[in-house]
Amino acid sequence: MKEKYMITSVKGFKDIYGEDLELFKTARRVLEEIAESFAYEDIITPIIEYSELFERSVGIDTDIVEKEMYTFIDKSARSVTLRPEITASVTRSYVEHHFETKPLPLRFYYFGPCFRYEKPQKGRFRGFYQFGVEAIGDDSPLLDAEVIDIGYNIAKKLELKNVSVKINSIGCRKCRAIYKEKLKEVLEPHYDELCEDCKRRFYTNPLRILDCKKESPELKDILPKMIDYLCDDCKKHFDSVLDYLQKMNIPFEIDNTLVRGLDYYTRTVFEVISSDLGAQNALLGGGRYDYLIEELGGRPTPAVGFALGMERLVEIMKSQGFVGRDKWLIYVAYQQTVFERAIFITEKLRNYGFKVFLDVKNGSFKNQTERSAKRNAEFTIFIGEEEVKTGSVVVKNMGTKEQKQVNIDDLNGFFKEQRNV
RNA sequence: GUGGGUGUAGCUCAAUGGUUAGAGUACCGGACUGUGGAUCCGGCCGUUGGGAGUUCAAAUCUCCUCACCCACCCCA
């Protein structure tokens, strides 16, 4: 009871257990099934990488690299980092193992923990799990649409309410550079009207001013739209992605203010957002990253993907009353005098594949029935001297309170049948 | 890094600056060895997050600090 010296989990890191873990596991299973159904292949990469990987991929000027990485010097004096995201690792792996010699595009999905040293709040932690997909080696707009389709299917399969798909194009390095200049040109006369954050953004990342919530609508109205500045190829690509989405019956909203904070994105960017998430409303986010592979030393290779926050997904499922609890449990109540029969039947049922609870406490049947109820068992089976004589057990359905005598040899069939009801 | 909110028993919460900080719930035991989470009785549970100060007297007032939550920034 003395908690003075209690050691807690590290700030921003959480234990996952109980109901949350059930949802977590259910979600993970569904995500992987969907990715597999799109013929994506699993890949596991290390949770630690040389720091340079993220500096070159995520971008040296981004918040993630500037102040959020768990970076340290290992015993051979190399700078290593706990991964803040996984796309960089997958592309590193692609280059390192010469995956370009395989039939392209390659399609991967991944799942694992990530680390960012941030101030925790709703939907944001220092240790969190990401699921994601990456399709590498083709610039077809159909591949963009396919990746978005996976994201949309996740929401559909898990019956998520209040979610929507937002999409935008931020162009390639040619047209985005032109757009940035134009944006600054228009903003310059209004520099003094900008909020403190935007004054900084004006120099670091002017695109960010687009989605600032503080700026006046009048100012935003005069800002040029990226779509109007896309080069012919980017425009064609974006229109084609939208066309595919329509043909695939995926509802979406074009959001001209959608820009993303990682440097590697090009052309298509998208998010699936939920109103159940608070300020951190993005369930998943991603886009195209056509320059990343060559940035990491590979030959120029276009790619597209997204990452999804598991904790956020679980949060949505919880707020929508999703039940993931596996309640299938048989509680064995027995009289102490027939323990041997009880343990025999228990093991038999376990071998049949059922989840069987054998209490270490014995007590009266009343007592044991109470314990069974507290454990949320679906069934209680009673084994006493009478049952031993007749070679049967009494099975009680704890939900309906019905009970019936079942011959020991019929138990497997009986419970199999119950499970299918 | 910057703001705001909250810290009292495992959990949910009480307690005008004034007895030994209390309830409910959970847990354990008994009533109770052939059937439901009940009821009754009993037990266990606190350096009031931590530290300093004001005061005859602090859970309560002041300051500092820590933790959690929420928001900004940014992101999954």
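Proteins get letters first, then strands, A, B, ... in listed order; numbering begins at 1 in each.
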Roughly how many Å apart are [M] and [N], using the [atom1] atom of each and rounding to a whole number?
N	M	atom1	result
B:rC27	B:rC70	P	29 Å
B:rU48	B:rA21	C1'	8 Å
B:rA58	B:rG18	C1'	10 Å
B:rA31	B:rG22	P	31 Å
B:rU60	B:rA9	P	15 Å

Worksheet item: A:T369 has a side chain; which of B:rU35, B:rG37, B:rC72 sits nearest to it?
Response: B:rU35

Worksheet item: Would you call A:E118 and A:R124 a salt bridge, taking side-chain N to carboxylate O under 4.0 Å as the test?
Response: yes

Worksheet item: Is A:R92 paired with A:E49 through a side-chain N to carboxylate O contact shorter than 4.0 Å?
Response: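 Yes, A:E49 and A:R92 are salt-bridged.
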
Fill in: Whichever of A:G399 and A:K361 has its nearest RNA chain B nucleotide further upstream toward 5'
A:K361

Item to complete: Map A:F365 and A:S9 onto RNA chain B by nearest heavy atom, then report which one ends up closer to the 5' terminus.
Response: A:F365

Which part of the nucleic acid, if any, lies within contact of [X], taking any heavy atom under 4.0 Å across all strands shown: a base, the sugar-phosphate backbone alone, or nothing?
X	result
A:L262	sugar-phosphate
A:K401	base
A:G123	base
A:G285	sugar-phosphate
A:E85	nothing
A:Y129	nothing
A:M310	nothing
A:E271	nothing
A:E385	base

Discussion item. The test is salt bridge (Lys or Arg N to Asp or Glu O under 4.0 Å); show your working for A:R28 and A:E32 and say whether it passes.
Written reply: CA-CA 6 Å; A:R28 179 178 181 177; A:E32 293 184 341; 3.0 Å; yes

Worksheet item: Counting heavy atoms not belonging to A:Y265, are there more than 12 under 6.0 Å from its OH?
Response: yes

Worksheet entry | Lys NZ or Arg CZ of A:R126 over A:Y117 ring: under 6.0 Å, within 45° |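 Yes, A:R126 and A:Y117 form such a contact.
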
Item to complete: Kindly indicate whether a cation-pi arrangement holds for A:R116 with A:Y70, taking the cut-offs as under 6.0 Å to the six-membered ring centre and within 45° of the axis.
Response: no

May I have the distance from [X] (atom [atom1]) to [N] (atom [atom2]), rounded to whole angstrom?
X	N	atom1	atom2	result
A:K122	B:rU6	NZ	C1'	16 Å
A:F382	B:rG34	CZ	P	12 Å
A:K11	B:rC66	NZ	P	9 Å
A:Q335	B:rU35	CD	C1'	11 Å
A:R124	B:rC70	CZ	P	11 Å
A:F13	B:rC68	CZ	P	12 Å
A:K374	B:rG37	NZ	C1'	7 Å
A:Q403	B:rG34	CD	P	14 Å

Discussion item. Run A:T87 and A:E134 through side chain to side chain donor-acceptor pair (under 3.5 Å) and show every step you take.
Written reply: CA-CA 7 Å; A:T87 300; A:E134 313 291 352; 2.7 Å; yes

Worksheet entry | hbond_proxy A:E387 side chain to B:rG34 base (donor-acceptor, 3.5 Å cutoff) |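 Yes.
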
Practice prompt. Using a 3.5 Å limit on both pairing distances, list the dot-bracket string of RNA chain B from the 5' end; Watson-Crick and G-U wobble pairs count, crossing pairs take [ ], interstrand pairs take |.
Written response: (((((((..((((....[...)))).(((((.......))))).....(((((..]....))))))))))))....

Discussion item. Is the ring pair A:F131/A:F306 parallel, tilted or perpendicular, if the boundaries are 30 and 60 degrees?
Written reply: tilted

Item to complete: Please lay out, stage by stage, how A:D139 and A:H237 fare under the test side chain to side chain donor-acceptor pair (under 3.5 Å).
Response: CA-CA 9 Å; A:D139 68 356; A:H237 183 92; over 6 Å; no

